[in-house]
Participant: 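After the structure tokens below, expect a handful of questions from me.
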2 protein chains.
Amino acid sequence: MSPIANVTLNPQANVYFGGKCVSHSFTLADGTQKSAGVVLPAELTFNTGAAEIMECVAGGCEYRLAGSDGWQKSGPGERFEIPANSAFDIRVAEAYHYICHYA
Amino acid sequence: MSPIANVTLNPQANVYFGGKCVSHSFTLADGTQKSAGVVLPAELTFNTGAAEIMECVAGGCEYRLAGSDGWQKSGPGERFEIPANSAFDIRVAEAYHYICHYA
């Protein structure tokens, strides 16, 4: 994954689930908000407010959208989308590095 | 702590000590490398290659430089410097959000 140029970075991390997920928020030049984060070995459930697109930067995960039976894999360069006001389960064996885009 | 404008962000996190410390590296427009990270509750020892300046962004820590007896506190806006090829102990009760500058 290439570095992302010309961003404004918030140096205060977002820490979720006692540190099983840590991200840093940033904005692009046009004001679009995103975050870059990592999920460490865990099985977690995230709730969405706005719709999100999770893009894998390195490592990988399995995820299951709310209302879905099956786990799907997501690896480097792959994305999955979560609707607004929904949820997804994620399980990570090693590390899942991601960019979170708000759709 | 204000956001840091006009940086190039590496979206792949650096994960140390099983996730007790997580950072994202970034470069300024002039090519200077830094990282923004967080240390979660732990007592850790870090080794330096290049000299480093640790700047507290939020939360706080206690640190002890190699060869020093005493623990010092560092809180928001405060910095401490670690020589090259040295080490420091850090202990964190809640969270220590930092920017690491290479001196």
Side-chain angles (χ1 to χ4, degrees), chain A residues 1-44 52-61 74-79 92-101, chain B residues 1-44 53-61 74-79 90 92-101:
Chain A
M1 178 74 202
S2 315
I4 307 166
N6 198 19
V7 310
T8 297
L9 177 68
N10 183 341
Q12 182 165 348
N14 311 299
V15 178
Y16 306 101
F17 301 105
K20 290 298 183 185
C21 176
V22 175
S23 72
H24 283 93
S25 300
F26 61 94
T27 54
L28 303 184
D30 68 3
T32 307
Q33 288 219 25
K34 299 180 188 286
S35 64
V38 61
V39 181
L40 299 171
E43 183 169 332
L44 306 171
E52 295 178 7
I53 295 167
M54 295 289 284
E55 176 184 1
C56 183
V57 165
C61 74
S74 188
E78 295 177 340
R79 297 171 170 226
V92 172
E94 295 190 7
Y96 170 68
H97 296 264
Y98 67 87
I99 298 170
C100 178
H101 309 265
Chain B
M1 177 75 201
S2 317
I4 307 165
N6 198 18
V7 310
T8 297
L9 177 68
N10 183 341
Q12 183 166 348
N14 311 299
V15 178
Y16 306 102
F17 300 105
K20 290 298 184 185
C21 176
V22 174
S23 73
H24 283 93
S25 300
F26 61 94
T27 53
L28 303 184
D30 68 2
T32 307
Q33 288 221 22
K34 298 180 188 286
S35 65
V38 62
V39 181
L40 298 171
E43 182 169 333
L44 306 171
I53 295 167
M54 295 289 284
E55 176 184 0
C56 183
V57 165
C61 74
S74 188
E78 296 178 339
R79 296 171 172 227
I90 187 167
V92 172
E94 294 191 9
Y96 170 67
H97 297 264
Y98 67 87
I99 298 171
C100 178
H101 310 266

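Within every chain, numbering begins at 1; the chains are lettered A, B, ... in the order of the sequence lines, protein sequences first and strands thereafter.
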Participant: For atom CD of B:Glu78, is the number of surrounding heavy atoms from other residues, nucleotides or ligands below 6.0 Å larger than 12?
Facilitator: yes
Participant: Of the listed residues (A:Pro3, A:Ser25, A:Gly59), which shares the most heavy-atom pairs with chain B below a 4.5 Å separation?
Facilitator: A:Pro3
Participant: Do A:Phe26 and B:His24 have side-chain heavy atoms sitting under 4.5 Å apart?
Facilitator: no
Participant: State the OG1-CG distance between B:Thr27 and B:Asn6, to the nearest 0.5 angstrom.
Facilitator: 9.5 Å
Participant: Need one label for A:Ser35: side chain, backbone, both or neither, based on atoms under 4.5 Å from any heavy atom in chain B.
Facilitator: neither
Participant: Which answer fits B:Leu9, side chain, backbone, both or neither, if we ask what part of it has an atom under 4.5 Å from a heavy atom of chain A?
Facilitator: both
Participant: For B:Glu94, is the CD atom crowded, meaning more than 12 foreign heavy atoms sit under 6.0 Å from it?
Facilitator: no
Participant: Answer yes or no: is there a side-chain heavy-atom contact under 4.5 Å between A:Cys21 and A:Tyr98?
Facilitator: yes
Participant: Contact part of A:Ile4 toward chain B, heavy-atom cut-off under 4.5 Å: side chain, backbone, both or neither?
Facilitator: both
Participant: Pick from B:Val7, B:Asn10, B:Leu40, B:Val38: which one has the most heavy-atom pairs with chain A under 4.5 Å?
Facilitator: B:Val7
